[in-house]
Amino acid sequence: MNTLPDQYRNLSDDEMFARIRAAREKLGPDVVILGHHYQREEVIQFADYRGDSLELSRIAATQATGARYIVFCGVDFMAETAAMLCDPAQTVLMPAMEAPCPMAAMADAADAQVAWDALTALWGDDVVPITYQNSYAGLKAFCGQRGGAVCTSANAQAVFRWALAQKGHILFFPDEHLGRNTALALGISLEEIAVWDSHKPEGGGTFQKAKVVIWKGYCHVHAYFTVEHVRTVREKYGDITVIVHPECPMEVVQAADLNGSTSFILRTVRDAPPGSRFAVGTEINMVARLARDYPDKLVVPLARSLCGAMYRTSPNHLLYALESLLQGEMVGVITVPEDTARWANVALERMLTLKE
Ligand code: 13P
Ligand code: SF4
């Protein structure tokens, strides 16, 4: 439930931005503001650190250490991760209070257990569970407790390689597309990839020949992109590099010129020579920012696709969170039960200590 008080609703941008800056200054080193690249400009302009999921996890664990409060502008699974990785003396706050990622909600530990029981009946313990960072702490803990790890889009291939060096199979949650694209990139054939549909009896498939079992979940922001979008931008712009996030469907990734995590997309556009032309298939706020930041290059969206969960954090919410801290009150505190956090941290640490 959004509990933004009325006095924070009808503010002009000028007043709001000035008050955010003033509160930020008064709070000084007590506060560090983290922002995911998909946040809108009005919010991310105030971030001390910007990053993708992996970068923000690392910052929460290692760089934001001096601050009493980590104000997290992103979505809830990211803030949960920060709360588990930061110093226990620190508090993580989410200005939007609730910004739930629909994909993270597509898999939970209880449903995962059903798949785990069926697959371990087939393969014994020859399977490693891996969950995408875009999942809730309960599922991360599930994986940590069973010898598994977390991955992000920036290190999914490295984590899959790590898993397959130990065991013969992977059970991957909750993004079907990232799972399939990662397995294919590692040379695993489509015949060795099976989809577990938790809404069907026994996962709705056959798993005997599978090496990688992927959960039937998706990010609507990236699943929105189609091969038709790729065809249309190529027709309109001719010689243009199509670059997409690996949460996009396999056909889109294969039709694109390049694919990679949010930070990969950012680096690729940033480091390209002036005059380069890109059609980018990821969240629209990030694409719009790339276009603004690199005016010597052409950057167009492959199509407009917005993450509503990211959009929930507004500058109004940020102001409310900061001014509340000045008054000695905390809004949007993110906590994770201790036993969940302990096992989820095991899975997170396995990812963070992995040599790529
Ligand atoms: P990355 O930050 O890992 O690229 O993930 C993209 C995403 O969907 C964030 O919610
Ligand atoms: Fe979730 Fe997709 Fe939004 Fe990321 S972009 S928060 S995965 S819905």
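Sequential numbering from 1 along the given sequence is applied to the chain's residues. Keep in mind it's a predicted model, so treat the numbers as computed, not measured.
Cation-pi geometry between R40 and Y311 is met: under 6.0 angstrom from the ring centre, within 45 degrees of the axis.
A continuous path of Ile, Leu, Val, Met, Phe, Trp and Tyr side chains, each step under 4.5 Å between heavy atoms, connects Y69 with Y320, placing both in one hydrophobic cluster. Hydrophobic clustering (ILVMFWY, side-chain heavy atoms < 4.5 Å, transitive): F207 and L171 are in one cluster. The same ILVMFWY cluster, assembled from side-chain heavy atoms under 4.5 Å apart, contains both I130 and M103. Side-chain heavy atoms closer than 4.5 Å link hydrophobic residues (I, L, V, M, F, W, Y) into clusters, and following such links, even through other members, never connects Y49 to V31. Note on L318 and L93: same hydrophobic cluster, where clusters join Ile, Leu, Val, Met, Phe, Trp and Tyr whose side-chain heavy atoms are under 4.5 Å apart, directly or indirectly.
Looking only at distances, no side-chain donor or acceptor of Q254 sits under 3.5 Å from a matching main-chain atom of E251. Proximity of a side-chain donor or acceptor of N316 to a complementary backbone N or O of Y8 within less than 3.5 Å is detected. S135 contributes no side-chain N or O that, together with a main-chain N or O of T131, makes up a donor-acceptor pair within less than 3.5 Å. Within the 3.5 Å criterion, the main-chain N or O of G28 finds a donor-acceptor partner in the side chain of R24. Listed for the N155 side chain is no donor-acceptor partner under 3.5 Å among the backbone atoms of A158. With hydrogens and angles ignored, the 3.5 Å screen pairs a side-chain donor or acceptor of N181 with a backbone N or O of H177. Looking only at distances, no side-chain donor or acceptor of T340 sits under 3.5 Å from a matching main-chain atom of V336. Of the possible polar contacts, none joining the R50 side chain to the L56 backbone as a donor-acceptor pair under 3.5 Å is found. Side chain of N134 to main chain of A104: no donor-acceptor pair is present (N/O by atom type, distance under 3.5 Å, no hydrogens or angles). Looking at R146, its side chain never comes within 3.5 Å of a backbone N or O of V128 through a donor-acceptor pair.
Closest approach of I265 to M286, counting heavy atoms only: CG2-CE, 4.1 Å. Across all their heavy atoms, S276 and F278 have their closest contact at CB-CE1, 3.7 Å. Listed here is the closest heavy atom pair of I240 and V233: CG2-O, 4.1 Å. Nearest heavy-atom pair across D52 and S261 is OD2-OG, 4.0 Å. Taking all atoms of both residues into account, the shortest heavy-atom contact from T152 to S53 is CG2-CB, 4.2 Å. A pairwise comparison of heavy atoms in P129 and G147 identifies CD-C, 4.5 Å as the closest pair.
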Side chains of residues 72-89: which donor-acceptor partners sit under 3.5 Å, not counting sequence neighbours?
unit_1, atom_1, unit_2, atom_2, d
D76, OD1, C101, N, 3.4
D76, OD1, Y136, OH, 3.1
D76, OD2, Y136, OH, 2.9
E80, OE1, A137, N, 2.8
T81, OG1, F77, O, 2.9
T81, OG1, Q133, OE1, 3.1
D87, OD1, A89, N, 2.8

Which donor-acceptor pairs under 3.5 Å do the side chains of residues 297-308 make with protein atoms, sequence neighbours left out?
unit_1, atom_1, unit_2, atom_2, d
K297, NZ, V269, O, 2.9
K297, NZ, R270, O, 2.8
K297, NZ, A272, O, 2.7
S305, OG, V221, O, 2.6

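Residue pairs that meet the side chain to side chain donor-acceptor pair (under 3.5 Å) test with at least one member in residues 193-207, sequence neighbours left out, do not exist here.
Side-chain polar atoms of T226 and H229 form a donor-acceptor pair below 3.5 angstrom. Between the side chains of Q45 and R21, no donor N or O sits under 3.5 Å from an acceptor N or O. For the residue pair E192 / S189, a side-chain donor-acceptor distance below 3.5 Å is found, with atom types taken as modelled.
Under a 4.0 Å N-O distance rule, the pair E228/R231 qualifies as a salt bridge. Checked for salt-bridge contact, E338 and R342 miss the test: no charged N lies under 4.0 Å from a carboxylate O.
Not counting sequence neighbours, Y218 has no partner by the ring-ring contact (aromatic ring centres under 6.0 Å, His included) test. Listed by chain and number, the residues in a ring-ring contact (aromatic ring centres under 6.0 Å, His included) with W343 amount to none (sequence neighbours excluded). Partners of Y38 under the ring-ring contact (aromatic ring centres under 6.0 Å, His included) rule, at least two apart in sequence or in another chain, are H36.
When each of H37, H222, H245 is tested with T282 by the rule side-chain hydrogen bond (donor to acceptor under 3.5 Å, both in side chains), just one qualifies, namely H222. Residue W215 is tested with F173, Y132, W116 for a ring-ring contact (aromatic ring centres under 6.0 Å, His included); the sole match is F173.
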Mind running salt bridge (Lys or Arg N to Asp or Glu O under 4.0 Å) on R312 and E98 for me, showing each step along the way? CA-CA 8 Å; R312 285 182 69 90; E98 277 188 15; 5.1 Å; no
Could you walk me through whether H317 and V43 satisfy the side-chain contact (heavy atoms from CB on, under 4.5 Å) test, starting with their C-alpha distance in whole Å, then the side-chain angles of each, then the deciding distance to 0.1 Å, before giving a yes or no? CA-CA 9 Å; H317 286 94; V43 173; over 6 Å; no
With ring-ring contact (aromatic ring centres under 6.0 Å, His included) as the criterion, how do F46 and F17 come out once you've worked through the C-alpha distance, each side chain's angles and the decisive distance to 0.1 Å? CA-CA 9 Å; F46 297 107; F17 296 163; 5.8 Å; yes
Salt bridge (Lys or Arg N to Asp or Glu O under 4.0 Å), that's the test. Do D126 and K167 meet it? Break it down for me. CA-CA 5 Å; D126 193 26; K167 304 270 170 118; over 6 Å; no
Can R234 and D257 be said to form a salt bridge (Lys or Arg N to Asp or Glu O under 4.0 Å), step by step? CA-CA 11 Å; R234 289 206 204 282; D257 299 295; 3.1 Å; yes
Start with the C-alpha gap between E41 and R292, add the side-chain angles, then the distance that decides, and say whether salt bridge (Lys or Arg N to Asp or Glu O under 4.0 Å) holds. CA-CA 11 Å; E41 199 56 34; R292 268 196 306 275; 3.0 Å; yes
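Rounding to the nearest 0.5 Å places OG1 of T182 at 9.5 Å from CD1 of I214.
For the pair R9/L4, a side-chain contact is recorded, criterion being any heavy-atom separation below 4.5 Å from C-beta on. No side-chain heavy atom of I243 sits under 4.5 Å from any side-chain heavy atom of N259. Looking only at side-chain heavy atoms (C-beta outward), L34 and V71 stay at 4.5 Å or farther from each other. Annotation: side chain of H220 is in contact with side chain of P102 (closest heavy-atom distance under 4.5 Å). L190 is listed as a side-chain neighbour of M250, based on a closest heavy-atom distance under 4.5 Å. Between L54 and L352, the closest side-chain pair of non-hydrogen atoms falls below 4.5 Å.
Annotation: F160 is in aromatic contact with F172 [ring centroid separation under 6.0 Å].
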